[in-house]
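I have placed the structure first, in the form of C-alpha cells, so that the comments after it can refer back to it.
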Amino acid sequence: MRSYSLIAPAKINLYLQIVGDRPDGFHELIMVLQSIELADRVTVRSRSVDDIWVQCDHPAVPVDQTNLAYRAAELMMREFPEVYARFGGIEIDLHKRIPMGAGLAGGSSNAAAVLVGIDLMWNLGLTQSELQDLGAKLGSDVPFCISGGTALATGRGENLAALTSLDHLYVVLAKYRDLPVSTPWAYQTYRRNFGETYAKTSQEIEAKKARSRAILSAIAHHDYTQIGQQLHNDLEKVVLPEFAKVQQLRDQFARFNPIGTMMSGSGSTVFALSESRSQAEAIKNAMRANIPDPELELWVTKLSQRGVHLATH
Ligand code: C5P
C-alpha cells in the first residue's frame, strides 16, 4: 500500500488589509502571510474501496465533506478520473495540533497537504503552481499553504509573491479553547461596518496599496522593530469589540514588550513576535501568570520557511 506523511504548517498574518469588494463576492486583500513551525501531520493512503475515508485524532474535527481535506481528495478524484480509477479510493489521517477557528489556516493547510500527497501517491508530477491553482478552488489560503515561507498575498489571497525569509523570529500564540471566530462572519461584519471605506477607483486602490509599503520595506531590510510596528490586521476592528477575550490577549501581550503583537487572520488567535526563544518563553510564562484560566492555550513556535513538506519519520 502506498502512503505519504506530510507536515502541514500553520500560518500567521503579519499584515491583513481589506482593499475593497470583488465581483466574485470575496474581498480584495493585501496580506503578508508567514508559515510557522506549529503543524499538523497529514497521511494519505490508497484504499481498496472507491471512496474517501477521513480519520482524525481530534473529536471536534468533522470527517465528512465539510472538512476541506475531504474536499481536496474529492477535487483530485474529479480532476484525474482515470488515475483515480487505477489507484482506488483515498484514506486520510489527520493528526491535529493546529487549533481550529483560530485564524491559523489549519484546515487550508490540511487540504494543501492532501493535494501534495495525492500528487505524490498517484505519480501525477504536478508543478507547485498547478497544485496551487487546484488549491485556489478549495480556499483562499490553500495556495499559500503549499508554498509557505513569507509571502505577499493579493487578490483573494491566492496571488502570491515570495518575500525575504523571516525564519529567525519566534512567535508566542495565545488562544482560548472553544473560542472560534467564523471567517465569513468577520468579513461580512467588516463589510457592514466599513463598506463605505472600500476602494472603488484606481486612485483609491493605489492609496490603499501605499499603506502596505512600510511593512514590505521592513521585511526586505529584516528590520524587526519596524516589522513589529507595522503589523496590521483590519479584521481586528470587528473581532476585538465583539470578543472581549481576544481583546484581553491583545492587551496582555502588549505589556510584555514583544517586537509586536496582532490577531492572526479572523482570529481568535493573537500572536506576539520575539527575537529569541528565551524571550518568547518568558512572554508565554508571563501570560500564563497573568491569565490563570485553564481555557487559555499558549504555544511558543518559530517562523518557518516551508509550506507543506514530506515528514522525515
Ligand atoms: O476562501 P475561504 O473559504 O477561506 O474564505 C472563507 C470566507 O472568508 C469566505 O466565504 C468569505 O466570506 C471570506 N473571505 C472574503 N474575501 C477573501 C477571503 C475570504 O470575503 N479574500
Side-chain angles (χ1 to χ4, degrees), residues 11-36 103-105 140-141 143-144 147-166 169 171 181 183-242 246-247 249-251 253-254 258-273 303:
K11 64 90 180 135
I12 55 172
N13 296 74
L14 300 180
Y15 190 87
L16 191 164
Q17 185 186 8
I18 295 177
V19 176
D21 267 322
R22 291 166 53 91
D24 59 12
F26 281 71
H27 284 89
E28 186 71 25
L29 303 176
I30 302 173
M31 298 190 285
V32 177
L33 300 173
Q34 173 65 57
S35 301
I36 58 177
L104 299 175
S140 310
D141 287 336
F144 171 75
S147 48
T150 311
L152 173 67
T154 52
R156 253 173 69 204
E158 84 289 21
N159 294 334
L160 299 170
L163 299 174
T164 314
S165 160
L166 290 179
L169 291 178
V171 60
V181 175
T183 304
W185 171 85
Y187 279 102
Q188 279 155 25
T189 309
Y190 192 90
R191 182 181 283 120
R192 210 167 37 247
N193 294 353
F194 300 102
E196 78 282 0
T197 68
Y198 285 10
K200 288 180 190 71
T201 64
S202 55
Q203 237 172 354
E204 287 167 347
I205 292 168
E206 284 313 308
K208 293 242 181 201
K209 271 191 191 156
R211 197 202 175 293
S212 63
R213 299 283 173 215
I215 193 163
L216 296 178
S217 171
I219 291 169
H221 289 96
H222 277 219
D223 181 340
Y224 296 143
T225 309
Q226 266 305 308
I227 291 170
Q229 283 172 11
Q230 295 299 331
L231 295 175
H232 176 76
N233 184 345
D234 272 336
L235 292 175
E236 283 198 340
K237 292 180 213 155
V238 292
V239 177
L240 299 188
E242 185 73 21
V246 183
Q247 177 75 61
L249 296 177
R250 188 72 164 69
D251 295 341
F253 263 143
I259 294 173
T261 175
M262 192 58 48
M263 183 180 81
S264 184
S266 53
S268 61
T269 304
V270 179
F271 68 86
L273 296 177
L303 304 193

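- Of all heavy-atom pairs between P143 and E158, the closest is CG-CB, 4.0 Å.
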### Task
Test K208 against Q17 for side chain to side chain contact (heavy atoms under 4.5 Å, CB included), laying out the working first.
CA-CA 8 Å; K208 293 242 181 201; Q17 185 186 8; 3.7 Å; yes

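- Formation of a donor-acceptor pair under 3.5 Å by the S217 side chain with backbone atoms of R213 is not found in this model.
- Closest heavy-atom contact between P258 and T261: CG-CB, 4.4 Å.
- Although no hydrogens or angles enter the test, the distance criterion places no donor-acceptor pair under 3.5 Å between the side chain of N13 and the main chain of L16.
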### Message
Before you tell me yes or no, could you show the steps for R192 and Y190 under side chain to side chain contact (heavy atoms under 4.5 Å, CB included), namely the whole-Å CA-CA distance, both residues' side-chain angles and the distance that decides it to 0.1 Å?
### Response
CA-CA 5 Å; R192 210 167 37 247; Y190 192 90; over 6 Å; no

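- When all heavy atoms are compared, the tightest approach of S147 to L160 is OG-CD1, 3.8 Å.
- Shown here are the ring-ring contact (aromatic ring centres under 6.0 Å, His included) partners of F253, two or more places apart in sequence or in another chain: there are none.
- Residues T150 and L303 are not in side-chain contact: their nearest non-hydrogen atoms beyond the backbone lie 4.5 Å or more apart.
- Looking at T164 and L166, their side chains never come closer than 4.5 Å, going by heavy atoms from C-beta outward.
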### Message
For V239 and M263: C-alpha separation, side-chain torsions, deciding distance, then whether side chain to side chain contact (heavy atoms under 4.5 Å, CB included) applies.
### Response
CA-CA 9 Å; V239 177; M263 183 180 81; 3.6 Å; yes

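- With a 6.0 Å radius and a threshold of 12 heavy atoms from other residues, nucleotides or ligands, H221 has its NE2 atom at or below the threshold.
- Between Q229 and T225 the shortest side-chain heavy-atom distance falls below 4.5 Å.
- Residues D141 and K11 meet the side-chain proximity criterion, which asks for heavy atoms closer than 4.5 Å.
- The CD1 atom of I30 sits 4.5 Å away from the OG atom of S212 when rounded to the nearest 0.5 Å.
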### Task
List the steps, then state whether side chain to side chain contact (heavy atoms under 4.5 Å, CB included) holds for F271 with L231.
CA-CA 11 Å; F271 68 86; L231 295 175; 4.1 Å; yes

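- When side chains are defined from C-beta on, D21 does not count as touching F26, because their heavy atoms never get closer than 4.5 Å.
- Between D24 and R156, some side-chain heavy-atom pair lies under the 4.5 Å cut-off.
- Each salt bridge (charged side-chain N to carboxylate O under 4.0 Å, His left out) pair with one or both residues in residues 197-206, not counting sequence neighbours, appears once here: E206-K209.
- Closest approach of A153 to L33, counting heavy atoms only: CB-CD1, 3.7 Å.
- Residues that satisfy the salt bridge (Lys or Arg N to Asp or Glu O under 4.0 Å) test with R250, not counting sequence neighbours, are E236.
- Separation of atoms CD1 (I227) and CG (L14) is listed at 7.5 Å; rounding is to 0.5 Å.
- With N233 contributing its side chain and M262 its backbone, the two residues share no donor-acceptor pair below 3.5 Å.
- Under the 4.5 Å side-chain criterion, counting only non-hydrogen atoms from C-beta, L163 is in contact with V32.
- Taken from OG in S140 to CG in L29, the straight-line distance is 7.5 Å, to the nearest 0.5 Å.
- Looking at heavy atoms from C-beta onward, H232 lies out of side-chain contact with I215 at the 4.5 angstrom threshold.
- Residues M31 and G157 share a closest heavy-atom pair of CE-CA, 3.6 Å.
- Distance check: D234 CG to Y187 OH gives 9.5 Å after rounding to the nearest 0.5 Å.
- Considering only residues two or more places apart in sequence or on other chains, S266 meets the side-chain contact (heavy atoms from CB on, under 4.5 Å) condition with T183, A186, L235.
- Contact between S268 and V181 at its shortest, heavy atoms only, is CB-CG2, 3.7 Å.
- L169 CG to L273 CG: the interatomic distance, rounded to the nearest 0.5 Å, is 6.0 Å.
- For residues 195-216, the set of pairs meeting the ring-ring contact (aromatic ring centres under 6.0 Å, His included) definition, not counting sequence neighbours, comprises H27-Y198.
- Partners of R211 under the salt bridge (Lys or Arg N to Asp or Glu O under 4.0 Å) rule, at least two apart in sequence or in another chain, do not exist in this structure.
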